[in-house]
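So the structure is just underneath, and the comments pick up after that.
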2 protein chains.
Amino acid sequence: MSDSPAPRTARAIARAELTRAILDSASAQLAETGPAALSVRAVARDLGMASSAVYRYFPSRDALLTALLIEAYDDLGTAVEVADAAVERADLARRWAAICHAIRDWARAQPHRYALLYGSPVPGYAAPDDTVPAAIRVTTALLTLFSDAQAAGVRPVTTVPLTDDEQAALAPLRAFTDPTLDATWSIRGLLAWAALFGNLSLELFGHMYRGILDYDAHFAQLVDQLAADLGLA
Amino acid sequence: MSDSPAPRTARAIARAELTRAILDSASAQLAETGPAALSVRAVARDLGMASSAVYRYFPSRDALLTALLIEAYDDLGTAVEVADAAVERADLARRWAAICHAIRDWARAQPHRYALLYGSPVPGYAAPDDTVPAAIRVTTALLTLFSDAQAAGVRPVTTVPLTDDEQAALAPLRAFTDPTLDATWSIRGLLAWAALFGNLSLELFGHMYRGILDYDAHFAQLVDQLAADLGLA
DNA sequence: AACAAACGAGAGCACTGCTCTTGATTTGTG
DNA sequence: CACAAATCAAGAGCAGTGCTCTCGTTTGTT
């Protein structure tokens, strides 16, 4: 965020401050009306400035949206890391539950920001390179948990064998953590990852409408079941 | 779709034809540029008519988008039902695989339409009542498969016990199929549902970028694993 | 044949993202 | 300190959008 080494001149200070104000106003507008309705002119009106002035700080609407995307990823990443850190590190089942519920709590509190992150990508496909560092934080938390569990000798329930093709397909993922994830942990971990975000998206995007009555109860059940399948319970 | 009992007058015929032409043009534009960029004026230009004339057929852009949504749900539903019907009804494992791969093939062939269905909802929350009949077709195919499997004596791998709250939360879903789904099938079925669409969305929306190399191999593996957890393999 | 409903085309409004020009302010340097 | 260069805010303007309204024309019904 503030990687610039303390702005000295008055102009640099004003610029940093206005950049923040634009992001705050845009973030508020995003939370209310969603990414599609985010308007540069509305942000300018909110801040009492000309719309053309905003373009001195963000070259385009997509660039502003990308900045909001990165901020949202960082916000969620922080929430997950805080929840994870609040639990005894050896209590793997509780860490799993803490991470899952932190993600869901964050998503339900600001569904539009969740939609920006995990819904349909809005601006073409937003430049991945800039967003990746922020985006992988929550993934990293999950992978670290899986790695810790594997190192502690936890074994998920058995899986179907991996073919060579499938082994190769998961190579970069398995090599991400310090003790490399074995086949079983890779499969169960990815399945849990997909089920977790799949359930979240299906819930928040309205696909459980009239099919499931109590979303809280169902999610808690899903997290418990995934924990059991991961060998954590 | 064509529930009106055969248009008799020339005007009614022309209206039906133009409605179809608008939907086709809009669908093509949707497939190319995505839901956000769908423009009523562009559709009108494509058909060589005034933009105001389009509003005689669809009262708003959102209404046009909703019609496209329903068509896409029906299209996907048909693809799933065809794939399911092409497999020996007693071969439950093959039916499961056929349904899963039909969904993915459809989604990869037209990612923008998939995003319209399972990505962030675009127009507020599109009137659910109109879209529900088309939307539940793919869900029905899955639930029917689960119900058939349960009736055939297939047992998924064991699950954590359901509390009364969780039982109640799933009531409408379990009552949907003819032989009511038992607790184990409900849990494993919903988990498979979430994992299936979760994997699909994460893949299509770019969240596996540089983490998984071969999406085909990984998806095939996921489907196999879910089949095993469902007791089908 | 007469009347009403439906229709297509066009103008127009309010809004958007974005660019360009103009004039004021701040900056680093001779 | 002075001055040139960089930076900035503001406004006008362009092309595009969704949508409404009006105005003749065409079509269906009686």
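Numbers restart at 1 for each chain; the letters A, B, ... are given by sequence-line order, proteins then strands.
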key: Short side-chain to backbone donor-acceptor contact, Arg174(B) and Leu181(B), under 3.5 Å   = yes
ask   = Do Trp96(A) side-chain atoms and Val223(A) backbone N/O form a donor-acceptor pair below 3.5 Å?
value = yes
Rounded interatomic separation in angstrom, taking CZ from Phe58(A) and C1' from dC8(D) = 16 Å
Partner of Leu170(B) by side chain to side chain contact (heavy atoms under 4.5 Å, CB included), out of Leu213(A), Asp214(A), Ile212(A) = Ile212(A)
ask   = Taking only side-chain nitrogens and oxygens of Arg15(A), does any of them come within less than 4.0 Å of OP1 or OP2 of dT7(D)?
value = no
Could you give the side-chain donor-acceptor pairs of residues 102-111 of chain B under 3.5 Å, partners two or more places apart or in another chain?
unit_1, atom_1, unit_2, atom_2, d
Arg104(B), NE, Glu203(B), OE1, 3.1
Arg104(B), NE, Glu203(B), OE2, 3.4
Arg104(B), NH1, Asp216(B), OD1, 3.0
Arg104(B), NH2, Glu203(B), OE2, 2.9
Arg104(B), NH2, Asp216(B), OD1, 2.8
Trp106(B), NE1, Asp75(B), OD2, 3.3
Arg108(B), NH1, Glu203(B), OE2, 2.6
Gln110(B), OE1, Arg113(B), NH1, 3.0

note = Taken to the nearest whole Å, CD1/Ile22(A) to C1'/dA9(D) is 12 Å
Show me the protein contacts with nucleotides 22-24 of chain C, counting only N or O atoms at under 3.5 Å.
none

request  = For nucleotides 11-21 of chain D, just jot down a letter per nucleotide in 5' to 3' order: B, S or -, based on protein non-hydrogen atoms under 4.0 Å.
outcome  = B-B---BBBBB
query = What is the distance from atom CG of Asn199(B) to atom CG of Leu191(A), rounded to the nearest 0.5 Å?
reply = 8.5 Å
request  = State, without any angle test, whether Ser120(A) and Tyr118(B) hold a side-chain donor-acceptor pair at a distance under 3.5 Å.
outcome  = no
request  = Identify whether any heavy atom of Ala14(B) sits under 4.0 Å from a base atom; if not, whether one sits that close to sugar-phosphate; answer base, sugar-phosphate or nothing.
outcome  = nothing
ask   = What's the spacing between Ile136(B) CD1 and Leu143(B) CG if we round to 0.5 Å?
value = 9.5 Å
query = Is the His207(B)-Phe197(A) ring centre distance short of 6.0 angstrom?
reply = no
query = Contact class for Leu18(A) vs. all strands (heavy atom < 4.0 Å): base, sugar-phosphate, or nothing?
reply = sugar-phosphate
